[in-house]
Amino acid sequence: MLYSFRRCPYAMRARYTIALLGITVHLREVILKSKPAALLKLGGRSSVPQLVDVDGVRYPESLDIIFWALSQSNDSNLVNQLWPLKNSQQNKIKAWIAYNDNFFKHWLDRYKYADRHPEFSENYYRNKGEVFLRRLDKRLSRNEFLFGNDISVADIALFPFVRQFAGVNQEWFESSQYHNVIRWLAGFVNSCMFKSVVMVKHSAWQAGQENILFPAH
């Protein structure tokens, strides 16, 4: 059972991984201002995404769900591409995700909601976020994706947040110097998987309703 919210970047990266690996889950779309009792009854954190497997094991974070999906897949080639066997490569992927989640997300939230953080201007927050974009653009100048010409967990984990950053001022982003980031992000958001699977709109789940299969069959 996957509790999700369509526009949440954490939920987005979990859904993208599940869809890419071809894992089927029951999807429950959540309205954050009116969370269903079934989610609240789990106790502890009631944020999304959260997944509860058939054995009742709970995966409360997006990265937990991503690694759960990797463990469920029978496509060993794709799994090893997304999450390489070498510890050194895994550590580098983890470092990029940590930098995104702990540094970039901080400034993204302030850039997106600059009116809630009047201590500094919107441009100030954007400039702080650009530190990450410059690093990302340099990395992407070498290959199609962050760790070569094949997609990895790092790419999936990062792109929803860059998408949000771009969406604050799309015109600025599209005319910016970050040509490699623009190309990389477009590859995700313009893909059929993203448009027709990951970002399909669903009504909010309510108790008693039939669960939605994701990806749809």
Side-chain angles (χ1 to χ4, degrees), residues 7-17 20 47 49 61-67 69-70 78-117 119-191 193-194 198-199:
R7 298 198 309 273
C8 170
Y10 294 101
M12 206 176 291
R13 69 188 186 184
R15 293 196 310 274
Y16 193 97
T17 305
L20 183 62
S47 57
E61 303 276 357
S62 62
L63 295 180
D64 297 331
I65 298 168
I66 286 172
F67 288 114
L70 290 168
L78 180 56
V79 169
N80 292 337
Q81 173 192 306
L82 294 174
W83 187 243
L85 295 174
K86 290 183 178 179
N87 287 333
S88 59
Q89 200 81 329
Q90 291 179 1
N91 290 336
K92 290 175 183 178
I93 290 175
K94 288 178 182 177
W96 271 94
I97 296 173
Y99 189 67
N100 174 84
D101 291 6
N102 299 318
F103 173 81
F104 184 59
K105 179 66 164 60
H106 174 85
W107 296 114
L108 164 61
D109 288 344
R110 281 149 183 77
Y111 176 43
K112 188 177 180 182
Y113 302 110
D115 57 328
R116 302 180 191 176
H117 302 277
E119 314 90 86
F120 297 102
S121 68
E122 180 181 293
N123 283 345
Y124 174 88
Y125 296 127
R126 184 170 72 195
N127 289 339
K128 289 291 187 179
E130 284 186 79
V131 172
F132 180 72
L133 291 192
R134 284 193 292 273
R135 183 180 175 188
L136 188 59
D137 197 78
K138 183 178 179 180
R139 181 82 181 189
L140 291 168
S141 68
R142 306 171 191 171
N143 297 291
E144 188 174 354
F145 295 101
L146 280 166
F147 287 88
N149 290 318
D150 293 316
I151 188 174
S152 74
V153 166
D155 299 281
I156 297 171
L158 268 58
F159 90 82
F161 297 88
V162 178
R163 174 181 175 271
Q164 274 200 346
F165 194 88
V168 177
N169 187 333
Q170 197 73 41
E171 184 178 353
W172 171 85
F173 179 75
E174 294 294 342
S175 62
S176 74
Q177 61 183 310
Y178 307 113
H179 306 296
N180 298 304
V181 176
I182 293 168
R183 179 262 308 159
W184 169 82
L185 180 61
F188 284 103
V189 300
N190 294 330
S191 68
M193 177 179 287
F194 187 74
V198 176
M199 294 302 286

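Because only heavy atoms are used, hydrogens play no part in the values below, and waters and symmetry mates are left out as well, while side chains stay in. We count residues from 1, following the sequence as given.
Sorted by first then second residue, the salt bridge (Lys or Arg N to Asp or Glu O under 4.0 Å) pairs that include residues 90-103, not counting sequence neighbours, are Arg13-Asp101.
Proximity of Glu119 to Tyr125: side-chain heavy atoms (C-beta onward) are separated by under 4.5 Å at one or more points. Side-chain contact between Leu146 and Leu136 is present, with at least one heavy-atom pair separated by less than 4.5 Å. The shortest distance between side-chain heavy atoms of Val189 and Met199 does not fall below 4.5 Å. Annotation: side chain of Leu185 is in contact with side chain of Phe173 (closest heavy-atom distance under 4.5 Å). Taking the side chain as every heavy atom from C-beta outward, Val153 and Thr17 never approach each other to under 4.5 Å. Tyr124 has its side chain within reach of Trp107: a pair of non-hydrogen atoms, C-beta onward, lies under 4.5 Å apart. Side-chain contact check for Phe104 versus Phe165: some heavy-atom pair is nearer than 4.5 Å. Using a 4.5 Å cut-off on side-chain heavy atoms (C-beta onward), Val181 and Phe132 make no contact.
Using a 3.5 Å distance cut-off with no hydrogens or angles, the side chains of Asp155 and Ser152 do pair a donor with an acceptor. With 3.5 Å as the limit, one finds a donor-acceptor pair spanning the side chains of Tyr178 and Glu130.
Remark: Gln170 CD is packed, more than 12 non-hydrogen atoms of other residues, nucleotides or ligands lying under 6.0 Å away.
In this structure, Phe159 and Trp184 have perpendicular ring planes: the angle between them is above 60°, well past the 30° mark. The aromatic rings of Phe194 and Tyr16 lie tilted to each other, with the angle between the two planes from 30° to 60°. Ring-plane geometry between Phe103 and Tyr99 is classed as parallel, the angle between the planes falling under 30 degrees on a 0 to 90 degree scale with a further cut at 60.
A cation-pi contact links Arg139 to Phe147, judged by a cut-off of 6.0 Å to the six-membered ring centre and 45° from its axis.
Here the CZ atom belonging to Arg126 is positioned 9.0 Å from the OG atom belonging to Ser121, to the nearest 0.5 angstrom. Once rounded to the nearest 0.5 Å, the distance linking CD1 of Ile156 with CG of Leu82 reads 5.0 Å. Rounding to the nearest 0.5 angstrom, the gap separating the CD atom in Glu122 from the CG atom in Asp115 is 9.0 Å. Interatomic distance, NZ of Lys128 versus CZ of Arg110, reported as 12.0 Å (0.5 Å rounding).
Remark: Glu174 pairs with no residue by the salt bridge (charged side-chain N to carboxylate O under 4.0 Å, His left out) rule, at least two apart or across chains. Residues satisfying the side chain to side chain donor-acceptor pair (under 3.5 Å) test with Gln177, not counting sequence neighbours, are none. Among residues two or more places apart in sequence or in another chain, the salt bridge (charged side-chain N to carboxylate O under 4.0 Å, His left out) test is passed with Asp150 by none. The side chain to side chain donor-acceptor pair (under 3.5 Å) search around Gln164 returns none, not counting sequence neighbours. Under the rule for a salt bridge (charged side-chain N to carboxylate O under 4.0 Å, His left out), Lys112 has no partner lying at least two apart in sequence or in another chain.
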- Query: Between Asn123 and Trp172, does a side-chain contact (heavy atoms from CB on, under 4.5 Å) hold up when you go through it step by step?
  - Reply: CA-CA 11 Å; Asn123 283 345; Trp172 171 85; over 6 Å; no
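Nearest heavy atom pair, residue Ile182 against residue Ser176, reads CD1-OG, 3.9 Å. Across every non-hydrogen atom of Asn143 and Gly148, the tightest pair is CB-O, 3.2 Å. When all heavy atoms of Pro49 and Ala14 are compared, the closest pair comes out as CG-CB, 4.2 Å. Taking all atoms of both residues into account, the shortest heavy-atom contact from Pro84 to Gln90 is O-NE2, 2.8 Å. Contact record, His179 with Asp137: N-OD1, 3.4 Å, taken as the closest heavy-atom pair.
For Phe67 and Trp83, the ring centers sit closer than 6.0 Å to each other.
Judged purely by atom type and a 3.5 angstrom limit, Asn91 uses its side chain to pair as donor or acceptor with the backbone of Asn87.
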